[in-house]
Asks: 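My questions all concern the structure below.
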Amino acid sequence: MDAAEKRYLELLSHTYPTAADASAQLIQLQARLAAPKPTELYASDVHGEFAAFSHILRNGCGAVRAAVAAALPDLALAEQDAVVTLICYPRRKAAFEQGESAAAAGAADAADAGDAWLATALERLVAVAAHVAAGADRAATLSGLPQDLVPVMELLLAGAAPQRAAALAAAVETGRGVDLLEALAQVIQSQCVSQVHLVGDVYDRGPAPDAIMDELMEHPAVDVQWGNHDVVWMGAALGQRGCIAHVVRNCARYGNLSILEDAYGINLRPLADFALRAYADDPCVAFGLKGSPDLPPAELELNVKIQKAMAILQFKVEAALIDEYPEFGLADRKLLDKIDHDAGTVVVDGVTYELTDRVFPTVDPSDPFALTPDEEAVMESLEQAFTGSQLLQRHMGFFLERGSLYRISNGTLALHACVPLNPDGTLLQTNVFGRVCAGRALYDEMQRYVYAAFDDPDPAMCKRGRDLLWYLWLGPGSPLFAKSKMATFELYLIADKAARKEVKNPFYSLLDDPAVLGRIFADFGMDPATARLICGHVPVKVKDGEDPICADGRVLRIDGGFSAAYQKTTGIAGMTVVSDATGVRLATHQPLESTAAAVERNLDVVSEFRVVQEAAAPLTVAQTDEGRELMALADDLRALLAAYDSGEIQQG
């Protein structure tokens, strides 16, 4: 044994001071290594659709249903459905069922009927929890539960039947039955899905991104690979003007200003007053809302006018950023100065197009990118409102803590959009503030600036980081955007679809090329023979025959239209990937009617599964990244035991 090894083992002996301690830990490690591979769930592009995403998160993309069927095989299917719903929504389901039971029993026996239902429900959830927790690490299984319920849960999972029955009866008697139901549901959900990977885009389009963030923050094991719609909110939270302009405009476009006002407490009154005044007589013909939101006439008009006001502001503040950072290569996105106001036309890429809207009361043709005093006041008020929103800061802090631009886990590379490529399949180089990088180096460099945006002690680095968040949202070299241009101007103001076309990065047309994939995987330090890539960002038109599975299962594209606005494009209501002991499966989902319908009628998301890779034999923890770390520790413990046995290291 050399000096370095002895020093390491001496340090390890502080944790395991006796041979008994080391051997006990080794036994636990070996048992853990033999356990089934934990289930990982991948989802992307949930875009504020809280009800659908939350349901799939709660039911583990079918894993909870499978656990109920295995633990309670003698229950009728309708009763199994009710148990699944109870595990997904324990408090809401309990309130509904106890109310139904009480109503059926009549006033005199209402309390007894509710207690009887609760007792049966608890027995069933104990059976399911014991099934899914068998062989699992007990401390990890119970982590996150209310401390006063941990001893009770240990008894329920390991105690004899008479003890369990007595404990459940006491829980009902003392009014803690529903608390215990919720704790059991938490154990079941956490065991059915051990890790959630959200591959970008919580925000924009849908009505409740804040609720999704709240639920993710309560989940015991979740990581996020930021999407372009996430980083633009991160930038807005830091007061970056280009990001703020997009976020407000987009919320108005989908009739979702309540996200800003009601969820995040962002004061939009100065903006509303300005928009109604500046565009008072403007029909805003090119700025109708997306998705036909059900809004009262006055609110609809306000959203339309705010949308136009923020679009013009966006074009102006973006022009200042484009001038400040010529290395971003976005000069062709400055278009307000290309408008011929008399002719009602605009020149884009050398082609003259007729404008769909010719009313620009705040644009001075002699200085088109200058903000009017009123516009400057609006931007200042929005900066203060975004940076001052405590809930928004907490949510973005969670993104920073649990998020990254990419993640490599168990042989899978998860990233939101793409690895930018040239047409010949080589890695596209992007200039990041003077440093030219590509592939993984590009991701790492950009991620460095994202973190700098929030907490770098150098104000100049903070500013660069904030402005890079804006570039990540829309830049052609951004791995989160992956298109030739963000055609916001053209989508509003030019009817010709040729002008609106956003050309996708060659990444998407080269996914079936093994040489290109091999180059990407090698660049990320992965084994090209076994690696897999999961991404979202571009909706997969399943209804038109597009296949989300590429390169014989080596690439999975999982933007399946969680957002209601995109379900006509995809023909489905979202996709997820399940990776567990049996292999890898792709699930496509149909819409959920509503959470209330799920609770009251035991509805579930209807999903169709495709096997991507089937394991020849059940996979174990030993075949995961965690397993490799545990095996390394097991080898160290064996070395420590040998040192104890030889006397080279003394036991404590």
Side-chain angles (χ1 to χ4, degrees), residues 204-205 228-229 232 242 245-246 248-250 252-254 279 282-291 304-305 307-323 325-326 328-365 368-369 417-418 420 422-423 428 470-478 480-509 537-539 541 544 565-566 568-569:
D204 285 344
R205 301 193 182 110
N228 60 324
H229 288 270
V232 75
H246 159 75
V248 179
R249 176 189 61 78
N250 197 67
R253 190 181 191 211
Y254 286 86
Y279 297 91
D282 184 352
C284 303
V285 295
F287 294 85
L289 304 194
K290 290 280 286 185
V304 168
K305 293 186 184 301
Q307 181 188 188
K308 182 170 183 179
M310 291 311 302
I312 301 303
L313 270 167
Q314 180 177 327
F315 302 149
K316 290 183 176 185
V317 299
E318 286 182 346
L321 289 162
I322 291 167
D323 289 342
Y325 299 106
F328 286 170
L330 292 168
D332 63 336
R333 294 289 81 210
K334 293 178 61 176
L335 295 171
L336 284 179
D337 59 341
K338 309 299 188 301
I339 293 176
D340 183 328
H341 291 265
D342 293 331
T345 59
V346 64
V347 178
V348 179
D349 296 329
V351 180
T352 300
Y353 297 97
E354 186 176 344
L355 291 168
T356 58
D357 191 323
R358 301 174 60 171
V359 182
F360 303 106
T362 68
V363 177
D364 179 356
F369 298 115
C418 80
N422 295 306
L428 175 68
W470 169 76
Y471 178 82
L472 280 166
W473 152 243
L474 52 58
S478 164
L480 303 188
F481 180 52
K483 297 180 184 179
S484 58
K485 66 180 180 181
M486 180 74 79
T488 306
F489 183 100
E490 293 90 334
L491 286 168
Y492 281 126
L493 297 173
I494 300 175
D496 192 325
K497 291 184 178 180
R500 299 176 169 189
K501 187 172 180 60
E502 300 172 342
V503 180
K504 294 194 289 287
N505 184 270
F507 171 86
Y508 294 98
S509 61
H537 186 59
V538 176
K541 299 176 183 177
D544 295 335
Y566 273 81
K568 288 183 179 179
T569 299

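If you read the sequence from its start, that first residue is 1, and numbering goes on from there.
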Asks: Could you pull out the closest heavy-atom pair between A499 and K485, with the gap in Å?
Replies: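 Looking at all heavy atoms of both residues, the closest pair is O-NZ, 2.8 Å.
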Asks: Within this structure, what is the OH-CD distance for the pair Y254 and Q307, rounded to the nearest 0.5 Å?
Replies: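 Result: 9.5 Å between the selected atoms.
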Asks: Is the closest side-chain heavy-atom distance between F287 and M310 below 4.5 Å?
Replies: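 A side-chain contact under 4.5 Å is absent here.
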Asks: Out of curiosity, R253 CZ to R205 CZ, how far, rounded to the nearest 0.5 Å?
Replies: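 Between R253 CZ and R205 CZ, I get 9.0 Å after rounding to 0.5 Å.
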Asks: Parallel, tilted or perpendicular: which fits the ring planes of H537 and F481, with parallel below 30° and perpendicular above 60°?
Replies: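 It falls in the perpendicular class, over 60°.
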Asks: Closest heavy-atom contact between A343 and D340?
Replies: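 Heavy-atom minimum between the residues: N-OD1, 2.9 Å.
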Asks: Could you measure the distance from the CG atom of L321 to the CG atom of L330? Nearest 0.5 Å is fine.
Replies: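 It is 9.5 Å, given to the nearest 0.5 Å.
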Asks: Crowded around K338 NZ? As in, over 12 foreign heavy atoms under 6.0 Å?
Replies: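 Yes, because the 6.0 Å sphere around NZ of K338 holds more than 12 heavy atoms from other groups.
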Asks: Please report the closest heavy-atom contact between S478 and L472, naming both atoms and the distance.
Replies: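 For S478 versus L472, the nearest heavy atoms are OG-O, 2.7 Å.
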Asks: Measure the acute angle between the ring planes of W473 and H229, then classify it against the limits of 30° and 60° as parallel, tilted or perpendicular.
Replies: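 Correct class here is perpendicular.
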Asks: Is the count of non-hydrogen atoms from other residues, nucleotides or ligands lying under 6.0 Å from K504 atom NZ greater than 12?
Replies: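 12 or below, so no.
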Asks: Is a donor on one side and an acceptor on the other found under 3.5 Å between the side chain of T356 and the backbone of Y492?
Replies: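 Looks like yes, one N/O pair under 3.5 Å.
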Asks: When rounded to the nearest 0.5 angstrom, what is the spacing between CZ in R333 and CD1 in I322?
Replies: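 One gets 8.0 Å once the value is rounded to the nearest 0.5 Å.
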Asks: Give a yes or no on whether E354 atom CD has more than 12 heavy-atom contacts from other residues, nucleotides or ligands under 6.0 Å away.
Replies: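 12 or below, so no.
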Asks: Hey, does V346 have a side-chain heavy atom less than 4.5 Å from the side chain of F489?
Replies: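 Side-chain contact under 4.5 Å: yes.
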Asks: Find the distance between OG1 (T345) and CG (L355) and round it off to the nearest 0.5 Å.
Replies: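 Answer for the OG1-CG pair, T345 versus L355, is 6.5 Å.
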Asks: Within the 4.5 Å heavy-atom criterion, are F369 and L336 side-chain neighbours or not?
Replies: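 F369 vs L336: side chains touch.
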Asks: Taking the side chain as every heavy atom from C-beta outward, state whether K483 and N228 have any atom pair closer than 4.5 Å.
Replies: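 Answer no - side chains too far apart.
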Asks: To the closest 0.5 Å, what do you measure between CG (L313) and CD (E318)?
Replies: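 Reported to 0.5 Å precision, the distance equals 11.0 Å.
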Asks: What heavy-atom pair brings C418 and A482 nearest, and what distance separates the two atoms?
Replies: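 Heavy-atom minimum between the residues: SG-CB, 3.4 Å.
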Asks: Can you give me the closest heavy-atom contact between D357 and L493, atom names plus distance?
Replies: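 Looking at all heavy atoms of both residues, the shortest contact is CB-CD2, 3.7 Å.
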Asks: Just checking Y566: does its OH atom have more than 12 heavy atoms from other residues, nucleotides or ligands closer to it than 6.0 angstrom?
Replies: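 No, because the 6.0 Å sphere around OH of Y566 holds 12 heavy atoms or fewer from other groups.
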Asks: Are Y353 and V348 packed together at the side-chain level, in the sense that at least one heavy-atom pair is separated by less than 4.5 angstrom?
Replies: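 Side chain of Y353 against side chain of V348, heavy atoms only: contact under 4.5 Å found.
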Asks: Quick one: list whatever passes side chain to side chain donor-acceptor pair (under 3.5 Å) with H246, sequence neighbours left out.
Replies: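 For H246, the residues satisfying side chain to side chain donor-acceptor pair (under 3.5 Å) (neighbours in sequence not counted) are D204, R249.
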Asks: Is I312 close to Y279 at the side-chain level, that is, under 4.5 Å between some pair of heavy atoms?
Replies: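 Yes; the side chains approach each other to less than 4.5 Å.
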Asks: Specify the closest pair of heavy atoms between R358 and D342, including all atoms of both residues, with the distance to one decimal.
Replies: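 That closest heavy-atom pairing would be NH2-O, 3.0 Å.
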Asks: Is D282 salt-bridged to K308, cutoff N-O under 4.0 Å?
Replies: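 K308 and D282: salt-bridged.
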Asks: Taking only residues two or more places apart in sequence, or in another chain, which ones meet S484 in a side-chain contact (heavy atoms from CB on, under 4.5 Å)?
Replies: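 Per chain and number, S484 pairs via side-chain contact (heavy atoms from CB on, under 4.5 Å) with V503.
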